[in-house]
There are 2 protein chains.
Amino acid sequence: MAGIEDVARLAGVSTATVSRALSGRGHVSPASKAKVLEAAARLGYVVSSNASSLASGRTRNVGVVIPFLNRWFFSSVLEGAQQALLRHGYDLTLYNLSGDGAERASVFEHFLLRQRVDAVIAVSLELTESEVTRLHDLGKPLVGVGGPIPGVRTLTIDDIAVARLATEHLIGLGHRRIAHIGGDLEFDLDFHLPTNRRLGYESALRDAGIEPEPKYFAPADFTVAGGYHAAKQLLGSPRDRPTAIFAASDEMALGTILAARDLGMSVPRDVSVVGIDDHDLADFFGLTTVAQFPRVQGEQAVETLMEQLEPGSDASEPASISLPYELRVRSSTARPEV
Amino acid sequence: MAGIEDVARLAGVSTATVSRALSGRGHVSPASKAKVLEAAARLGYVVSSNASSLASGRTRNVGVVIPFLNRWFFSSVLEGAQQALLRHGYDLTLYNLSGDGAERASVFEHFLLRQRVDAVIAVSLELTESEVTRLHDLGKPLVGVGGPIPGVRTLTIDDIAVARLATEHLIGLGHRRIAHIGGDLEFDLDFHLPTNRRLGYESALRDAGIEPEPKYFAPADFTVAGGYHAAKQLLGSPRDRPTAIFAASDEMALGTILAARDLGMSVPRDVSVVGIDDHDLADFFGLTTVAQFPRVQGEQAVETLMEQLEPGSDASEPASISLPYELRVRSSTARPEV
DNA sequence: CTGAAAGCGCTAACAA
DNA sequence: TTGTTAGCGCTTTCAG
């Protein structure tokens, strides 16, 4: 392992110059810089991140705290964040916390605070005020994805608007009996996402002069199986059966499609289905959905951090971050039968 | 930020004793240890991992290199690894390499080698000999998951045996015309997994006196959509249609079930379907499958590393690692109709 | 623009 | 069992 001194010697300059040339901080003459670069390449020199971090206080590493790895939304956010960080020359340290108290506290105390990260991205995780304060006091930028953290910059789609859009799509097609499969209340830890989506749904209905009815709401757990069972419930009754179902996630929407099939109903002829996400499988099932772009959310979280971590490097300050979403009409929605 | 000196002062001992008490290396009297622990707690002291790493050469961090984040197998391995590492007090730094050459080389050079990790777990990634050598020379243990890396300890299920098991299940039910949906050749980078599974399938057939026929093989890309199309191909022809399909992954098996339905066939009455994985959705679809346990694979990879990283801590040396798998019979397989 | 040198905070000989 | 102390490899003032 070549060290900075070896490079300095080979390049005929001091270690300080090597450091400056390689890190880009401070001025170095083009001539010296070239010599340093060449020497470093020749020796296969790579800085020791530990020594560098210890001396500079920067680690070029960010921690990502995330509750699930095996769900589409979360793995996509992670992917986006990872890629963006790599581009900036940062490492990503992963903390997969299943919301569980003890493990989580320990992670905060013994990992995040070990000066291992320059910043933290918290995905769909409600941090306690003391956790936020602690990070803040340490001067570690923190950005949230997927839900508001008090006093912290957070990226979330406008769940109310997204739900409105999905519902209005159905209303526009002529549906009046529109059911909703949403999260159960205890799922609301995810930043009231279920509640917000339900609010969007209800307000869209009211705006169209339709009074939301309790019998047209079924709770589920955001899985395919959950959506399936909820949909069976909704579609099972022969009278006043809804002609359309808006599910709060694509996975539940897929469950709905499968339930309809199993009940001998045809989608969209007998029932229209719309979801939220644009999950990998949505296209395959012809599911109409409101796409959100979790990869982009991950990337944006990184960019937001970078502005704080490396000010001036790329001064495009998106003061208020509005995340994109988009209705994707496929074959699971149509006008209701007359 | 309290430093080690603060703790030492408060506890009335030297910094060396604090270090020893907190890290567990070297002997410390119970009395001193108690004092140190209390002082550290009082001050909210957390070691600086950089300083510690620099001085000791250990980072308590392992790098996980993985090609996908959004596929069941990979996210499960990652989850298992993360959890096991956390338990050992290690961090996990994630490198999500999409196999792409340039990005990958850069990661190896500038990230993994920056002394940031004590060891590397490579998931389904064929490392070049020079990459392996480089890590080896640096004294970084390396363990593979999901495919053999030359000269490296690797955890993989016995793909041939797994495929045999699945096929034999069908044969045992009385099927003779058994088709296989496997990976296309170019997918073979995944360590010949598709090839091995096909070999297992073929040898099981031969053992039962059935000659494998090319028309009963269809390649696909391990996705639901891919399996769907392959299955339509296989099930489309009216004569000599297979009575059973063995898909090399659950996702393709699910596609097969959906294809059968769309062709108006009933599973398992008209066609039996078996997969490999025990994907989250397998249970929901009643898919018979050979379960593998990727979480466990991730955990085992970590344990294997720990033996090398912290010798003596837990001396259960599993010399040859055989990974578990298990046939899960559900409702997608049955005797063929007579 | 460059070099000398003082640390960054901790660990590990070594000595006691 | 404990303390003293010399670094770990780099960054960054501070002079020049």
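First the proteins, then the strands, lettered A, B, ... as listed; each starts at 1. What's counted below: heavy atoms across the whole structure, side chains too, no hydrogens, waters or symmetry copies.
Heavy atoms of A:Ser19 sit under 4.0 angstrom from at least one base atom. Within the 4.0 angstrom heavy-atom criterion, only backbone atoms of the sugar-phosphate kind lie near A:Arg58; the bases stay farther away. Nucleic acid contact class of B:Val13 (heavy atoms, under 4.0 Å, all strands): sugar-phosphate only. Note on B:Arg20: a base of the nucleic acid sits closer than 4.0 angstrom, heavy atoms only. Nucleic acid contact for B:Ser32: sugar-phosphate only, since backbone atoms but no base atoms lie under 4.0 Å from a heavy atom of the residue.
Taking atom NE2 of residue B:His27 and atom C1' of nucleotide D:dG3, one finds them 17 Å apart after rounding to whole Å.
Separation of atoms CD (A:Glu5) and OG1 (A:Thr15) is listed at 6.5 Å; rounding is to 0.5 Å. We find the OG-CG distance between B:Ser75 and B:Asp280 to be 8.0 Å, quoted to the nearest 0.5 Å. Summarising the geometry, atom CG belonging to A:Leu78 is positioned 5.5 Å from atom CG belonging to B:Leu94; distances are rounded to the nearest 0.5 Å.
Rounded to 10 degrees, the angle separating the terminal helix axes of the helix from C:dC1-D:dG16 to C:dA16-D:dT1, each built from five base pairs, is 30°.
Side-chain contact, A:Ser49 with A:Ser52: no donor N or O sits under 3.5 Å from an acceptor N or O. Between B:Ser130 and B:Thr133, the side chains place no donor N or O within less than 3.5 Å of an acceptor N or O (distance only, hydrogens not considered). Side-chain N/O atoms of A:Thr93 and B:Asp91 include no donor and acceptor closer than 3.5 Å.
Between chain B and DNA chain C, the heavy-atom contact criterion of under 4.0 Å yields a 5' to 3' nucleotide range of C:dG9 to C:dA13.
Under the 3.5 Å distance criterion, the side-chain polar atoms of B:Arg60 are matched with a main-chain donor or acceptor of B:His88.
Take the nearest nucleotide of DNA chain D for B:Ala16 and for A:Val47: the residue whose nucleotide is more 5' is B:Ala16. Map B:Gly12 and A:Ile4 each onto its nearest nucleotide of DNA chain D; the residue landing nearer the 5' end is B:Gly12.
Salt-bridge check for A:Arg134 with A:Asp137: failed, with every basic side-chain N at 4.0 Å or more from each acidic carboxylate O. Using a cutoff of 4.0 Å between basic side-chain nitrogens and carboxylate oxygens, B:Glu303 and B:Arg87 are scored as salt-bridged.
Distances were taken from every side-chain heavy atom of A:Tyr45 (C-beta onward) to each of D:dC10, D:dT4, D:dT12; the shortest belongs to D:dC10.
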